[in-house]
Amino acid sequence: MYRNTYAEIDKDVLRDNIKNIVSTYSNYEYFFGVVKGNAYGHGFEIINSLVEGGVNYLAVATPEEALMVRKKNADIKILCLENVNVKSAKALSDKNVTLTVCSLHQAEELTKLTNNFTVHLKLDTGMNRLGFKEKEELNTAYKLLKSAENVTVEGIYTHLATSGVNDKFYDNQIEKFKELTSDINLKEIPIVHIGRSLILVHHDKPDFVNGIRLGICMYGFAQSLNEPTGLKKIKREILLKTKHISPSVLKNSLDLKTAFTLKSEVIALKKVKKGEFVGYGAGYIAKRDITVATVCIGYFDGIPSTLKKVFINGKVCEVIGEKCMDMISAVVPENTKVGDSVEIFGDNISVKSAAASSGVSAYKLLTGVSERVPRVYK
C-alpha cells in the first residue's frame, strides 16, 4: 500500500455483533448473513468472522459473488438471491451454491439438467420485483421441483418492503405470503425466511418462520427507535388503530458496533487568503485567511460529492470546494502537517453521522467505497 488511503475493518467487532444478535433472537434457527455488495463494502475477508459469530448460512446477490465467497469458505451454505440462467445454475451447482427459483419457467429449465440443485422458492408478496405472484404457478412449480430427482427444495422466502412500524405493508405482505402458500405444507420445507434486519428487530417471529436474513444490523446498526411521547405517541396510537396495523417493537437491546473506518492522509497544505478560491469551478471563495489541506481521497474512492466533514488532529474539519476524482480539500488548523492522518468516518465521525450529513444512506456510504481502497483487517 503506497497511497495512505485505506479502510480499516475490525473483524472481531463483526463477530461479536453476530453473537449479540444470535443470543438476543435465539428463537430463530437459521441466521443468513447477507454479504452482497462486497459484504456491504467490508470485503469478503470477513466471511469467517461472521460464521464464528453464529451465521449458519450466507446470502449473496449474484453468481459472481457466490463464487468469490465460496473461495473464502468451502463449507458454509450460500444462497444466491437473484434468479439465474442455465449457464450460471450449472456453475453454482458445481460449487454447492443454493439457487433461488422465481418462476415456473426457471423451475422447468432446472429439471431438464443433469446437475443436482438445492433451491429456495422466492415469492412476490408485493415488491413486484422477483418471485411467484400467483398461487397456481407456485403450486405447479413446487410440485414439479418436489418430484424432480435432481432438485431439493430446501427453502421458501419473500422480501418485505417496509418495517411495518407505521404502515400496513408488512401486514399485507405477511397475509399475501400465507395466501400464496396455503396449498403448501410449510412444515415440509426445512427453511422458511421472510425478513431482514428491520423485521428482526421490529416484529416477533411469525410461528411459521425459522430463518432471518441479517443485513445492515450485522455491520453495526441496531435499527432501534425511540418510543414516541406526548402528541407523537397519541398520533401513532390513532394511526395503528385506524389502519389496523399490527403491534411492533420500536426499541431493542442490541449492543452493536460498526467495524469500518475509512482513513486517508494530508498530502499538501496551502495558505489561502481571503477572496481566493479553492478547486474546480472556483466554487469555494475564502471569506477569511485559512489553511487548506489536500487529502488523497476522492469520488472514485467512493467519497460522496456531498461530504461535509472529516476528522484531523482531534478536530472536525469542513470539507470545501468541488470534490475531484482523487482528492478533497478541507479547512484545517494551522498546526496541521503533511502526513497527518485523516478520518473520513469511523470512531470520531460515525458512519451514521457521515451518511446523514452527506444526504445518503449508510448502505450507500459503505458499499460506495471502491475497490481501489485497500481493506486492512484487524
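When a residue number appears, it is its place in the shown sequence, counting from 1.
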S.K.: State the CD-OG1 distance between Glu108 and Thr140, to the nearest 0.5 angstrom.
M.R.: 9.0 Å
S.K.: Give every donor-acceptor pair under 3.5 Å between a side-chain atom in residues 25-32 and any protein atom, sequence neighbours left out.
M.R.:
none

S.K.: Given the rule that I, L, V, M, F, W and Y join up when any side-chain heavy atoms are under 4.5 Å apart, are Val292 and Met327 in one cluster?
M.R.: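 No: no chain of side-chain contacts under 4.5 Å links Val292 to Met327.
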S.K.: So do the side chains of Leu256 and Phe221 get within less than 4.5 Å of each other, counting heavy atoms only?
M.R.: no
S.K.: Rounded at 0.5 Å granularity, tell me how far OG1 in Thr162 sits from CE in Met127.
M.R.: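 So the gap between those two atoms works out to 9.5 Å.
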S.K.: Nearest 0.5 angstrom please: Ile9 CD1 to Lys378 NZ, how far?
M.R.: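 Result: 10.5 Å between the selected atoms.
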S.K.: Walk me through whether His193 and Ile212 qualify under side-chain contact (heavy atoms from CB on, under 4.5 Å).
M.R.: CA-CA 5 Å; His193 50 114; Ile212 190 73; over 6 Å; no
S.K.: To the nearest 0.5 Å, what is the distance between CD (Glu188) and CD1 (Ile156)?
M.R.: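 Glu188 atom CD to Ile156 atom CD1 measures 11.5 Å (nearest 0.5 Å).
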S.K.: Start with the C-alpha distance between Arg236 and Val165, add both sets of side-chain angles, then the distance that settles side-chain contact (heavy atoms from CB on, under 4.5 Å), and finish with yes or no.
M.R.: CA-CA 10 Å; Arg236 183 167 189 271; Val165 170; 3.3 Å; yes
S.K.: Any side chain to side chain donor-acceptor pair (under 3.5 Å) involving residues 76-91? Give me the pairs, sequence neighbours left out, ordered by first then second residue.
M.R.: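 Listed once each, the pairs are Lys77-Glu154, Asn85-Ser88.
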S.K.: Taking side chain as C-beta onward, heavy atoms only, is His203 less than 4.5 Å from Tyr170?
M.R.: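 His203 vs Tyr170: side chains touch.
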S.K.: Taking side chain as C-beta onward, heavy atoms only, is Leu121 less than 4.5 Å from Leu138?
M.R.: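 Sidechains of Leu138 and Leu121: in contact.
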S.K.: My understanding is that only residues two or more places apart in sequence, or in another chain, count here; which of them pass side chain to side chain donor-acceptor pair (under 3.5 Å) with Lys135?
M.R.: Ser182
S.K.: Is there a donor-acceptor contact under 3.5 Å linking the side chains of Asn48 and Lys72?
M.R.: no
S.K.: Looking only at atom types and distance, does a side-chain atom of Ser358 sit under 3.5 Å from a main-chain N or O of Val360, one as donor and one as acceptor?
M.R.: no
S.K.: Taking atom NZ as the centre, does Lys364 end up with more than 12 heavy-atom neighbours from other residues, nucleotides or ligands that are less than 6.0 angstrom away?
M.R.: no
S.K.: Could you tell me whether Glu227 and Lys233 have a side-chain N and a carboxylate O separated by less than 4.0 Å?
M.R.: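 No, Glu227 and Lys233 are not salt-bridged.
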S.K.: Residues two or more places apart in sequence or in another chain: which of them pass side chain to side chain contact (heavy atoms under 4.5 Å, CB included) with Glu276?
M.R.: Val272, Lys273
S.K.: Might you point out which heavy atoms bring Ser49 and Lys11 nearest each other, and give the distance in Å?
M.R.: OG-CB, 3.2 Å
S.K.: Pairing donors with acceptors under 3.5 angstrom, does anything connect the side chains of Asn150 and Asn116?
M.R.: no
S.K.: Taking only residues two or more places apart in sequence or in another chain, which ones pass side chain to side chain contact (heavy atoms under 4.5 Å, CB included) with Glu64?
M.R.: Thr62
S.K.: As a test of understanding, state which of Lys176, Lys133, Gln173 forms a side-chain hydrogen bond (donor to acceptor under 3.5 Å, both in side chains) with Thr125.
M.R.: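 Running side-chain hydrogen bond (donor to acceptor under 3.5 Å, both in side chains) over Lys176, Lys133, Gln173 with Thr125 returns exactly one hit, Gln173.
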S.K.: Measuring centre to centre across the rings, with the benzene-like ring taken for any Trp, is Tyr142 within less than 6.0 Å of Phe132?
M.R.: no
S.K.: For Cys296 and Thr5: C-alpha separation, side-chain torsions, deciding distance, then whether side-chain contact (heavy atoms from CB on, under 4.5 Å) applies.
M.R.: CA-CA 7 Å; Cys296 56; Thr5 294; 3.4 Å; yes
S.K.: Between Asp183 and Asn139, does the side-chain hydrogen bond (donor to acceptor under 3.5 Å, both in side chains) criterion hold? Intermediate values first, please.
M.R.: CA-CA 7 Å; Asp183 294 335; Asn139 288 341; 3.0 Å; yes
S.K.: Is there a side-chain contact between Glu65 and Lys36 in this structure, where contact means two heavy atoms from C-beta onward sitting under 4.5 Å apart?
M.R.: yes
S.K.: Just wondering, do Phe117 and Leu92 contact through their side chains at under 4.5 Å, heavy atoms?
M.R.: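 No - every pair of side-chain heavy atoms lies 4.5 Å or more apart.
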S.K.: For a 4.5 angstrom cut-off between non-hydrogen side-chain atoms, does Leu14 reach His42?
M.R.: yes
S.K.: Could you check whether any side-chain heavy atom of Val310 comes within less than 4.5 Å of a side-chain heavy atom of Ile328, counting everything from C-beta outward?
M.R.: yes
S.K.: Do other residues, nucleotides or ligands put more than 12 heavy atoms under 6.0 Å from the CG atom of Asn115?
M.R.: yes
S.K.: Indicate every side-chain donor-acceptor pair of residues 365-376 with a distance under 3.5 Å to a residue at least two apart or in another chain.
M.R.:
{"from": "Thr367", "atom 1": "OG1", "to": "Tyr363", "atom 2": "O", "distance (Å)": "2.7"}
{"from": "Ser370", "atom 1": "OG", "to": "Phe300", "atom 2": "O", "distance (Å)": "2.9"}
{"from": "Ser370", "atom 1": "OG", "to": "Arg372", "atom 2": "N", "distance (Å)": "3.2"}
{"from": "Glu371", "atom 1": "OE2", "to": "Asn38", "atom 2": "ND2", "distance (Å)": "3.0"}
{"from": "Arg372", "atom 1": "NE", "to": "Asp301", "atom 2": "OD1", "distance (Å)": "2.9"}
{"from": "Arg372", "atom 1": "NH1", "to": "Asp326", "atom 2": "OD1", "distance (Å)": "3.1"}
{"from": "Arg372", "atom 1": "NH2", "to": "Asp301", "atom 2": "OD1", "distance (Å)": "3.2"}
{"from": "Arg372", "atom 1": "NH2", "to": "Asp301", "atom 2": "OD2", "distance (Å)": "3.0"}
{"from": "Arg372", "atom 1": "NH2", "to": "Asp326", "atom 2": "OD1", "distance (Å)": "2.9"}
{"from": "Arg375", "atom 1": "NE", "to": "Gly41", "atom 2": "O", "distance (Å)": "2.9"}
{"from": "Arg375", "atom 1": "NH1", "to": "Ser370", "atom 2": "O", "distance (Å)": "2.7"}
{"from": "Arg375", "atom 1": "NH1", "to": "Val373", "atom 2": "O", "distance (Å)": "2.8"}
{"from": "Arg375", "atom 1": "NH2", "to": "Gly41", "atom 2": "O", "distance (Å)": "2.9"}
{"from": "Arg375", "atom 1": "NH2", "to": "Val369", "atom 2": "O", "distance (Å)": "2.9"}

S.K.: Under the ring pair (Phe, Tyr, Trp, His ring centres under 6.0 Å) criterion, do Tyr157 and Phe177 qualify, and how do the steps go?
M.R.: CA-CA 9 Å; Tyr157 74 101; Phe177 186 92; 9.3 Å; no
S.K.: Test your reading of the model: is there a side-chain donor-acceptor pair from Asn17 to the backbone of Met218, 3.5 Å cut-off?
M.R.: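 Confirmed, Asn17 side chain pairs with Met218 backbone.
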S.K.: Report yes or no: is the cationic atom of Lys323 (NZ for Lys, CZ for Arg) closer than 6.0 Å to the six-membered ring centre of Tyr299, at no more than 45° off its axis?
M.R.: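 No, Lys323 and Tyr299 do not form such a contact.
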S.K.: For Asn226 and Lys251: C-alpha separation, side-chain torsions, deciding distance, then whether side-chain contact (heavy atoms from CB on, under 4.5 Å) applies.
M.R.: CA-CA 6 Å; Asn226 291 324; Lys251 204 166 188 65; 3.1 Å; yes
S.K.: Please round to the nearest 0.5 Å and tell me the distance separating atom CG of Leu307 and atom CD1 of Ile349.
M.R.: 8.0 Å
S.K.: After noting the C-alpha distance and the side-chain angles of Thr98 and Tyr57, does the key distance pass the side-chain hydrogen bond (donor to acceptor under 3.5 Å, both in side chains) rule?
M.R.: CA-CA 10 Å; Thr98 303; Tyr57 221 121; 2.7 Å; yes
S.K.: Just how far is it from atom CD1 of Ile320 to atom CD1 of Ile285, taken to the nearest 0.5 Å?
M.R.: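 Spacing of CD1 (Ile320) from CD1 (Ile285) equals 10.0 Å.
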S.K.: With side-chain hydrogen bond (donor to acceptor under 3.5 Å, both in side chains) as the test, would you mind laying out the steps for Lys271 and Thr291 before giving the verdict?
M.R.: CA-CA 5 Å; Lys271 297 293 185 181; Thr291 300; 3.1 Å; yes
S.K.: Does a side-chain heavy-atom distance below 4.5 Å link Lys19 with Asp16?
M.R.: yes
